[in-house]
Amino acid sequence: MLQSSNLLKEVPQRQAENTCYHCGQPCETDSFTVDEKSFCCYGCKTVYEILAENDLCEYYNFETAPGVRSDSEYEDAYTYLNDDKIKNKLLIFHIGDHARVQFHIPSIHCISCIWLLENLNRINSGVIKSEVNFSKKTAVIDFDASKISLGSVAALLASTGYRPLISLEGELREKKESTSNKKLLIQLAVAGFCFGNIMLLSFPEYLGIDHLDVSLQKIFSYLNVALAIPVLLFSGADYFTSAFKSFKQRQVNIDVPIALGILVLFARSASDILMGTGSGYMDSLAGLVFFLLIGRWFQDKTYENLAFDRDYKSYFPLAVYRKNLDGWKATLVHELKKGDQVRIRNKEIVPADSLLLTDVAQVDYSFVTGEAKPVEIKAGELIYAGGRVVGQPALMTIAKETSQSHLTNLWNNDVFTKPDSRNYKTLMDKVARVFTWSVIGLAIATGLFWWWFNSEHVWLIVTSVLMVACPCALALAAPFTYGSMLRVFGRNGLYLKSADVVENMAAIDSIIFDKTGTITHGSKNISWRGTITKEELQMVRSVASCSTHPLSVLLAQNLKDSLDTTPTKFTEYPGEGIQGIVSNQVIRIGSSAFVGSTENEGYSRVYISIDGVVRGFFEVGTTLRPGVSELASRLGNKIKALLSGDTSADEDRMREVFPAGTQMAFQQSPQNKLDYIENLQKEGAHVMMLGDGLNDSGALKQSHVGIAVSDDTGVFTPACDGILSGTKLFYLDRFLSLSKSALTILKISLGISLAYNVVGLSFAVTGHLTPLVAAILMPISSISVVVFTTFMVNLVSRRVLS
Amino acid sequence: MTIIILLIGISLTIALVFLGGFIWSMKSGQYDDTYGPSVRMLFDDKKSSKKKSQ
């Protein structure tokens, strides 16, 4: 470990106050602190501790390391994985006692994560081997099923700070994606191989030495045909299927002239070679397919480890505890029936609309409504699916099955049942249609002309026209323009799902914001209003740190530098507040009624009283993200509305920030938001929605461009077209203007490639298209378009974003 | 001139071997994670006092 410890320690030398000592990333909380050094995550802290210990003694026993205690809380949370049905779905294989499982772990982010995860076998001897895939953020773990259960493996990961993300559907999707990506690369490799060799074999032709040895020339040509066959049948196969599909749908896309061009190139070249009338255009054919596949590969390289298409199922737990005849048993969520009794623990999500059986429960609906403050539910009241139980475990009976719950009803909306309802025409589709018909028209016209003029040449001329019209440069223009733009966006914190989104963004004229979590920070800031001394704040902190209520945790995190006093007689009054005695003073923290204040309770306020005297309150959470007000004034009347699931407590503050014409609607249900956007779209607007929670997902899906704003791109985001890092929200107007520039660049490069086609066609219609002209023209047009678009995109983005 | 045909045959065969090698490495997942192995090789193997299972 010595080598790596030197390596690992190089980075943190320049640690600032709030960056991780170990890996240099900013620390979100100060809860990972050892030896006065702060760490960003459990993994970094643990590795530091191991290293520190390692420096002292040669041999150390991993299990006594304080950072890797197995936590009983986690132990319990994953026992449902031991259910046979779930286990069989998750395990990759299971032979005898040897089992293998793959977990998706979003929190993998640095070298120490790999190190720790791959040394799991030292923490628990039941683990045989673990291997991390850093780019996919997954870990494949082999374990001995007789020593450790699947649930314990997951709990082990969670206790070391790497909570696995478990979803049954996610695994399937991933497999499908990776195989199609691999196939494209192999197609590309085959095309490249054939292209290179055909070029090599065509050299005598290029240099005009074909008269030297006719028999040798013939062999070379036959070899070219042989090499072109895999290009036609394997590498180019996708273009034929795509063209065939578009014919079936009675539409013409860019793949139609490409497929036609490839086919004609092959047929003409093969007939030339076999009949001995020429040397064919096989080099052009292989080059064409090779370049086209490069373009496709460039476009496909989106952000593999980001998930853009989560639905509600990935938010819900896989299984919950149901009361059966023989006691509590983990049950898959979709097997729950009306009337079942379930137990939901702290921080678990209620999977279906249920009636509460316990006296009282705190439910955090932030997933559903965006409202950060937990709601108190009393026995017999309905809890909607999607709520997160906070604090004490709650017993409840299922009132509706998951698929019919209040929240999931939203997903039965038309927007979600159709695969992609926004069946828009991209610029390329329009160009392709005009282009294809013109090419076919031109081919027929020249054919007729030559048939009348000199009928011997008809076949040669018509094939030349179709060959040279093959829109290689045209087809490369879009992937490279949008692809480079996608990269620029990605470097600046906006990750788009696909290249088409760039074009949709260029057309946006109406922008709609969600409030909580989107333009305001996740509740990390608190502000104090009232009078209180420093010592008293310390006392408040020590009381707050005893509670697991989210607001208490937040208070404790924000009031630093505590003298670690422990309150005596700490009591928690669920739904009201907490009380503790520090230095003989009674400190109460909680709702206004709880501390004895008569004030009206505003949004997310925590009141404090000391010895019965109300001192004031902490206001939690709704600080605007940096730069939002400037962004709002720059966007001006493009901003149409602010739709929030919250109460209207913040309306006045929002009015100050947003331009006068902005419509503000509060207490909006997910359906309300969706309807609002639908109405705007009916008026012809191109709507962009920015949201963050599950409650926005309907609106995100309905809008032309739905962007999820997130503080951590690795965690849950609803289905969307793009993920925008919260710290880069103020770049939004620049991103919009850049997408417009991208569209302009694309139009120019389309012009350039059409010009090449016209030049080529002028050779073709007059009957002067020799293999050499084709072999020069085709790569030049493709390469110049690629260079032009890449260069322009980077130039423009540098100017706009700097 | 038959020597050229022989040479071309040999060169094509070698090229095909490399193509096959690439496809094999692709399919066996060697390009799945291009970052992990670069740091993994720097981790020292700790002499473990425990016997490995299997």
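The structure presented is a predicted model; accordingly, all values stated were derived computationally and were not measured. We name chains A, B, ... by the order of the sequence lines, and we start the count at 1 in each one.
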Discussion item. Using side-chain heavy atoms (C-beta onward) and a distance below 4.5 Å, is A/Leu223 in contact with B/Leu12?
Written reply: yes
Worksheet item: Using non-hydrogen atoms only, which part of A/Asn133 is less than 4.5 Å away from chain B: side chain, backbone, both, or neither?
Response: both
Worksheet item: Going through the distances and angles, do B/Tyr31 and A/Leu185 end up as a side chain to side chain contact (heavy atoms under 4.5 Å, CB included)?
Response: CA-CA 11 Å; B/Tyr31 298 94; A/Leu185 271 173; 6.0 Å; no
Pair up each side-chain donor or acceptor in residues 14-23 of chain B with any protein partner under 3.5 Å, not counting sequence neighbours, and list the distances.
none

Practice prompt. Would you give the length of the straight line joining atom NZ of A/Lys183 to atom CE of B/Met26, rounded to the nearest 0.5 angstrom?
Written response: 13.5 Å
Fill in: B/Tyr35 and A/Val132, any side-chain heavy atoms less than 4.5 Å apart
no
Practice prompt. Kindly indicate whether the side chain of B/Ile5, heavy atoms from C-beta on, has any atom under 4.5 Å from the side chain of A/Leu216.
Written response: yes
